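Notes follow the structure.
Bear in mind the structure is a predicted one, so any value in this text is a computation, not a measurement. Along the sequence shown, residues are numbered consecutively beginning with 1.
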Amino acid sequence: MDWDYPHPFTLPRVPQAADIDGLNHTNNAVYVRWCEQAGWAHSEALGLSLDDYRRLDRAMAIRRGEYDYLLPTGAGEALVLGTWLVAGDGKLAMERRFQLVRERDGATVLRGRWDLVCIELSSGRPRRMPQEFLAAYMTAVVSDLSTAS
């Protein structure tokens, strides 16, 4: 597949009948839900779960999300959702990107971007990333962005 960045964390996805809207394509809200699932799965693969967030009283919260819906998909189409961490200041902020690709022709059907900020769960206020976040997330930031679209 022609990924925007090297070495994506990937999740296969197939729209089901309940994902299809009145225009007979996958509803845009489904893509947003899938991005959330991919973000959590990637975080867990890097060693940070929701339980860790609670234990550390910290979380990476979405400050801003953008989605470009490029092509429609339908029920039963095999898709692969890739995600990457592409930036991080090592203090409060990170950026996560998404790319959804249709398997049969390699077409990119969606691109997404999240601006994330580290918050203290108990107060909701921005706080520095704990060492566990730095160790897991900052080492996963894609360093070669020369292939970015």
Original post:
Can you name the residues that form a salt bridge (charged side-chain N to carboxylate O under 4.0 Å, His left out) with Arg128, not counting sequence neighbours?
Top reply: none
Original post:
Out of curiosity, Lys91 NZ to Cys118 SG, how far, rounded to the nearest 0.5 Å?
Top reply: 13.5 Å
Original post:
Residues two or more places apart in sequence or in another chain: which of them pass side chain to side chain donor-acceptor pair (under 3.5 Å) with Tyr31?
Top reply: Thr73
Original post:
Looking only at heavy atoms, what is the nearest atom pair of Leu92 and Arg127, with distance?
Top reply: CD2-O, 2.9 Å
Original post:
Do Thr83 and Cys35 touch side chain to side chain, with heavy atoms closer than 4.5 Å?
Top reply: no
**OP:** Output, in order, the C-alpha distance, side-chain angles, deciding distance and verdict of side-chain contact (heavy atoms from CB on, under 4.5 Å) for Arg13 and Gln37.
**Re:** CA-CA 11 Å; Arg13 290 290 175 252; Gln37 292 168 352; 3.3 Å; yes
**OP:** List the steps and the verdict of side-chain contact (heavy atoms from CB on, under 4.5 Å) for Ile20 and Thr26.
**Re:** CA-CA 4 Å; Ile20 306 304; Thr26 308; 3.9 Å; yes
Subject >> Salt bridge flag under 4.0 Å for residues Arg113 and Glu66 >> reply: yes
Subject >> Arg125 atom CZ, neighbour heavy-atom count above 12 within 6.0 Å >> reply: no
**OP:** Could you tell me whether the side chain of Leu46 reaches within less than 4.5 Å of the side chain of Phe9, counting heavy atoms only?
**Re:** no
Original post:
Is Arg111 salt-bridged to Asp4, going by a charged N under 4.0 Å from an acidic O?
Top reply: yes
**OP:** Please determine if Asp19 and Arg33 form a salt bridge, counting it only when a charged side-chain N lies under 4.0 Å from a carboxylate O.
**Re:** yes
